[in-house]
Amino acid sequence: MRTHYCGDLTEKHIDKNVKLAGWVHRCRDFGGVIFIDLRDREGIVQVVCHADVKNVVRIAKTLHNEDVIYVEGQVQKRLKERQNPHIKTGTIEIIALNIQILNRSEILPFSLEDYIPVNEELRFYHRYLDLRRPEIFEKVRFRSKLTHAVRAFLDRNGFLDIETPILIRSTPEGARDYLVPSRVYQGKFYALPQSPQLLKQLLMISGVDRYYQLARCFRDEDCRADRQPEFTQIDIEVSFMSEEEIQTLIEKMIRSLFKKLLGVTLNAFPKMTHREAMRRYGSDKPDLRIPLELVEVDDLFEKSSFSVFAEHALNPESRIAALRLPNGCALSRKQLDEYTEFVKIYGAKGLAYIKVNDREKGMEGLQSSLLKFLEPNRVEKLLNRVQAQTGDVIFLIADKAKIASEALGALRIKLGHDCHLAQEGFAPLWVVEFPTFEFVDGRWQSVHHPFTAPKVSLDDLEQAPGQAVSSAFDLVINGIEVGGGSIRIHNVDLQKKIFELLGIHEKAAEAKFGFLLRAMKYGCPPHGGVGFGLDRLAMIMTGAQSIREVLAFPKTATAACPLTEAPSTVDKKQLEELGIKVIKN
RNA sequence: GGAGUGGUAGUUCAGCUGGUUAGAAUACUGGCCUGUCACGUCAGUGGUCACGGGUUCGAGUCCCGUCCACUCCGCCA
């Protein structure tokens, strides 16, 4: 039907007769001469309809945006003053000899012009139109290149692409499962995988040695800008590799992807323990592009007459941390009040601050509601500790450690963006030695998952579960958790012990994870692996503001598909076959 | 489950302290125009102000509720 893509035509094709097909991007009718911008996947080319080619003009007069047409014509070089530097085919144009209308388009619900913003809801309701816009389509095209490059890298490194089932059994812990009812076994349900975690471990026991899969994963939890109910994971598992070896391999992959697809050379990824990340950045996924750091100041408030701070200074469960904002004195009272409101979202009771109007003048040069509670020598120590300079604002939070860290960590990010402090580019890092357990709702829970190998002895684990670091690690880029992994437990006794500590007793463990425990008895190799959010990676690499931009058909924050209107009710008959009765409310 | 922001023409938005006929740009329709490329130009059409209730002489505007979208907290082993 056609000989070229519109966007692929160059000066090499001058004088050639070409056959094109595509969408009418725009028409400019001068009465005598008519210009058509013809668009396809690869770009736009200008078609010129001259008045003396009667058949062509007759049809061109009737064209509307997004009509689908076929054009035969001759490629011609444009005169210098007629060239358009804004499109890649701007030095040539097509002199139309024949035009046919392949299909008409109704008037569009929104403009496809890139300079006109469109409501996201409307875009996704008509996603097929949205994707006609080149800058939108590029993100989906990028994703295609990304998956291809991932597969090529892993294939080169001896990984086998193995598909695992989508209909699996529900396991306890973790996110809420999406359930699929069974017709054959009424009252029983399959679960969609939150990740193929256990299956890939079984593949290691099979001797697969190196496994990967671009795996669809499903989690029935609330969405965020970087979270969808279904997403794709670059799922990897290897046998006989240490944590460091795995990280080295993955780092090599990530660097090759950035090099190949973006032409960006990433430096070696720094490694930071989870403890250090929380201490310095108040987050387990620090954005290193922002040059602000939390500073520990607990000791400065011991025995202080300021009772609120003094109490937290003595409490080992608490934390007092400071954050210095250079030139923060420029902030208005209103802005400071807004930041105080902001930290309350994270449970902080308040936000104290000291304005350093003039560092030379000592206490006289400071402005803060705290000063009346604090001895001058403590204030001086504090200012030295944070290296305060004239014009700075020092923010302080004293609270339970988790709250103080997270609130100040979030404030750090917000200040970084509000004050435009973030550096350009990409800032990757490994966060390592995540805790094995955390104490939530009166019981121990896995921070990563129950199959994560701890880095301490079984004795230490039982003595102080809260202190035990694990082999779990995350890869963070620009403050976004891109992926995580760990060395897995390959000893059945240790695995049983972990289940016990998590309150999953022997009988329950056997019922729910029996297949894993059984498999582990037959020569389970030491193994470990990672799972990477392909969508998040694509989002970071394309600079997209939300994960929805890199999905062809994304869902809304309430997990609905705006285009197909899923989820939907189903026929009574379907429910009867499944033995399901719907109870409203 | 909770907090915040938003919903006005096909689209993107304005609409002040409640006031008489709800505007702009763009799109669309009909003219004019032989070198534009976000063409220009003249004229015209186009509104359940998300939905429901309330206050008021009078509500796009104020109050209450509901729905939808987005951001965040919780949640996401």
Side-chain angles (χ1 to χ4, degrees), chain A residues 25-38 44-52 57 64-66 76 78-87 89-90 93 95 106-126 129 171-177 194-195 197-198 217-229 231 338 341-348 403 406-407 410 413-414 434 436-438 440-441 444-452 470 472 481 484 486 498-499 502 504 531 533 545-546 548 554-558 560 562:
Chain A
H25 191 66
R26 199 182 296 115
C27 279
R28 290 175 295 280
D29 183 350
F30 283 79
V33 65
I34 301 170
F35 300 97
I36 303 164
D37 288 343
L38 187 64
I44 288 173
V45 71
Q46 174 165 278
V47 175
V48 187
C49 307
H50 286 300
D52 51 346
V57 168
H64 293 85
N65 285 358
E66 300 307 308
Q76 179 183 287
R78 295 203 205 179
L79 299 175
K80 200 142 212 164
E81 62 275 18
R82 291 180 182 173
Q83 294 184 356
N84 180 358
H86 299 110
I87 57 175
T89 62
E93 59 195 5
I95 308 304
E106 288 192 9
I107 295 159
L108 299 187
F110 58 88
S111 169
L112 302 188
E113 295 286 358
D114 55 8
Y115 67 96
I116 298 175
V118 192
N119 178 285
E120 191 174 296
E121 195 181 354
L122 191 66
R123 283 177 51 207
F124 292 151
Y125 183 73
H126 298 282
L129 295 179
T171 48
E173 309 259 328
R176 206 174 285 118
D177 282 324
Q194 297 173 27
S195 94
Q197 180 60 35
L198 294 175
C217 304
F218 307 85
R219 293 177 190 177
D220 188 4
E221 300 291 349
D222 289 341
C223 302
R224 286 285 192 283
D226 62 353
R227 247 162 58 185
Q228 283 266 298
F231 59 99
E338 279 169 9
E341 284 306 305
F342 176 76
V343 297
K344 286 181 183 167
I345 295 171
Y346 298 87
I403 289 174
E406 285 175 5
I413 301 293
K414 186 164 175 63
F434 271 67
T436 308
F437 302 117
E438 61 185 334
V440 186
D441 299 333
W444 291 108
Q445 291 187 12
S446 292
V447 169
H448 190 49
H449 58 52
F451 320 106
T452 306
S470 76
E481 179 197 328
S486 66
I498 298 284
F499 283 149
L502 291 171
I504 306 171
Q545 290 304 302
S546 98
R548 297 182 294 278
K555 291 191 170 57
T556 65
T558 47

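Keep in mind that this is a model prediction, so the values were computed, not measured. Quick note on labels: first sequence line is chain A, next is B, and so on, each numbered from 1. FYI, side chains are in, hydrogens and waters are out, and symmetry mates aren't considered; it's all heavy atoms of this structure.
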Report the base-pairing partner of C75(B) (Watson-Crick or G-U wobble, both distances below 3.5 angstrom), or none.
none
Once hydrogens and angles are ignored, does a donor-acceptor distance under 3.5 Å link the base of U26(B) to the side chain of Glu113(A)?
no
Are the aromatic ring centres of Phe231(A) and Phe218(A) under 6.0 angstrom apart?
no
For Glu120(A), answer base if it contacts any base atom (sugar-phosphate contacts may also be present), sugar-phosphate if it contacts only those atoms, and nothing otherwise; contact means non-hydrogen atoms under 4.0 Å.
sugar-phosphate
State which of C76(B), C37(B), C68(B) makes the closest approach to the side chain of Arg82(A).
C37(B)
Heavy atoms only, 4.0 Å cut-off, all strands: where does Gln194(A) land among base, sugar-phosphate and nothing?
nothing
Answer with base, sugar-phosphate or nothing: what part of the nucleic acid does Gln83(A) contact at a heavy-atom distance below 4.0 Å?
base
Chi angles and distances behind the side-chain hydrogen bond (donor to acceptor under 3.5 Å, both in side chains) call for Asn84(A), His86(A)
CA-CA 5 Å; Asn84(A) 180 358; His86(A) 299 110; 3.1 Å; yes
Phe110(A) vs His126(A) aromatic rings, parallel, tilted or perpendicular, using cut-offs 30° and 60°?
tilted
Give Ile87(A) one of three labels, base, sugar-phosphate or nothing, depending on what nucleic acid heavy atoms sit under 4.0 Å from its own.
nothing
Ignoring hydrogens and geometry beyond distance, is the side chain of Arg28(A) in donor-acceptor contact with the base of U34(B) at under 3.5 Å?
no
side-chain N/O Arg78(A) vs C37(B) OP1/OP2, d < 4.0 Å
no
If you compare every side-chain N and O of Ser546(A) against the phosphate oxygens of C70(B) (OP1, OP2), does one of them come in below 4.0 Å?
no
Whole-angstrom distance between A22(B) and C49(B), as gauged at atom P:
11 Å
What nucleic acid atoms does Ser195(A) come within less than 4.0 Å of, heavy atoms only: base, sugar-phosphate, or nothing?
base
Result for 5'-nearest mapping on RNA chain B, choosing between Glu406(A) and Glu121(A), is Glu121(A)
Taking the side chain of His50(A) as its heavy atoms from C-beta onward, which of G35(B), C68(B), G74(B) lies nearest to it?
G35(B)
Does Gln76(A) reach the main-chain N or O of Ile95(A) with its side chain, forming a donor-acceptor pair under 3.5 Å?
no
Quick note, Ile345(A) side chain, CB onward, closest among C72(B), C39(B), U71(B) is C72(B)
Does C57(B) have a Watson-Crick or wobble mate here (both distances under 3.5 Å), and if so which one?
G19(B)
With the threshold set at 4.0 Å, does a side-chain nitrogen-carboxylate oxygen contact exist between Arg219(A) and Asp177(A)?
no
Under 4.0 Å between any heavy atoms, over every strand shown, what does Arg548(A) touch: base, sugar-phosphate, or nothing? Just pick one.
sugar-phosphate
Do Cys223(A) and Pro229(A) come close enough that some side-chain heavy atom pair is under 4.5 Å?
yes
Atom CD1 of Ile34(A) to atom P of C32(B): distance rounded to whole Å?
13 Å
Please determine, for the side chain of Ala225(A), which listed nucleotide (U12(B), U71(B), G35(B)) has the closest atom?
U71(B)
Which of C72(B), A69(B), C70(B) is nearest the side chain of Tyr346(A)? It is C72(B)
With rounding to the closest Å, how many angstrom separate the C1' atoms on C51(B) and U29(B)?
32 Å
Applying a 4.0 Å non-hydrogen cut-off, can you work out what Pro117(A) is touching in the nucleic acid: base, sugar-phosphate, or nothing?
sugar-phosphate
Rounded interatomic separation in angstrom, taking CD1 from Ile107(A) and P from A27(B):
12 Å
Say we look at C32(B) and C39(B): how far apart would their C1' atoms be, to the nearest angstrom?
14 Å
Check whether the side chain of Arg219(A) and the base of C76(B) form a donor-acceptor pair under 3.5 Å.
no
Which part of the nucleic acid does His64(A) contact within heavy-atom distance under 4.0 Å: base, sugar-phosphate only, or nothing?
sugar-phosphate
The nucleotide from U11(B), C68(B), C70(B) with an atom nearest the side chain of Val118(A) is U11(B)
The nucleotide from C33(B), G74(B), A69(B) with an atom nearest the side chain of Asp29(A) is C33(B)
Write down the distance separating the P atoms in C57(B) and U66(B), rounded off to the nearest Å.
28 Å
Whole-Å C1' distance, U17(B) and C13(B):
22 Å
If C70(B) has a Watson-Crick or G-U wobble mate with both distances under 3.5 Å, name it; if not, just say none.
G4(B)
Looking at Arg26(A) and Glu113(A), is any side-chain nitrogen of the basic one under 4.0 Å from a carboxylate oxygen of the acidic one?
yes
Do the side chain of Asn119(A) and the base of G7(B) come within less than 3.5 angstrom through a donor-acceptor pair of N or O atoms?
no
Indicate, with a heavy-atom threshold strictly under 4.0 Å, whether Arg26(A) touches base, sugar-phosphate, or nothing.
sugar-phosphate
Would you mind telling me which of U36(B), C76(B), C72(B) lies closest to the side-chain atoms of Glu93(A)?
U36(B)
In whole angstrom, give me the gap between the P atoms of A59(B) and U20(B).
12 Å
Applying a 4.0 Å non-hydrogen cut-off, can you work out what Ser111(A) is touching in the nucleic acid: base, sugar-phosphate, or nothing?
nothing
Pairing check on G35(B): which nucleotide meets the Watson-Crick or G-U wobble criteria with it, both distances under 3.5 Å?
none
With both distances kept under 3.5 Å, what pairs with U26(B), Watson-Crick or G-U wobble?
G10(B)
Does Ser486(A) use its side chain to pair, donor to acceptor, with the backbone of Thr452(A) at less than 3.5 Å?
no
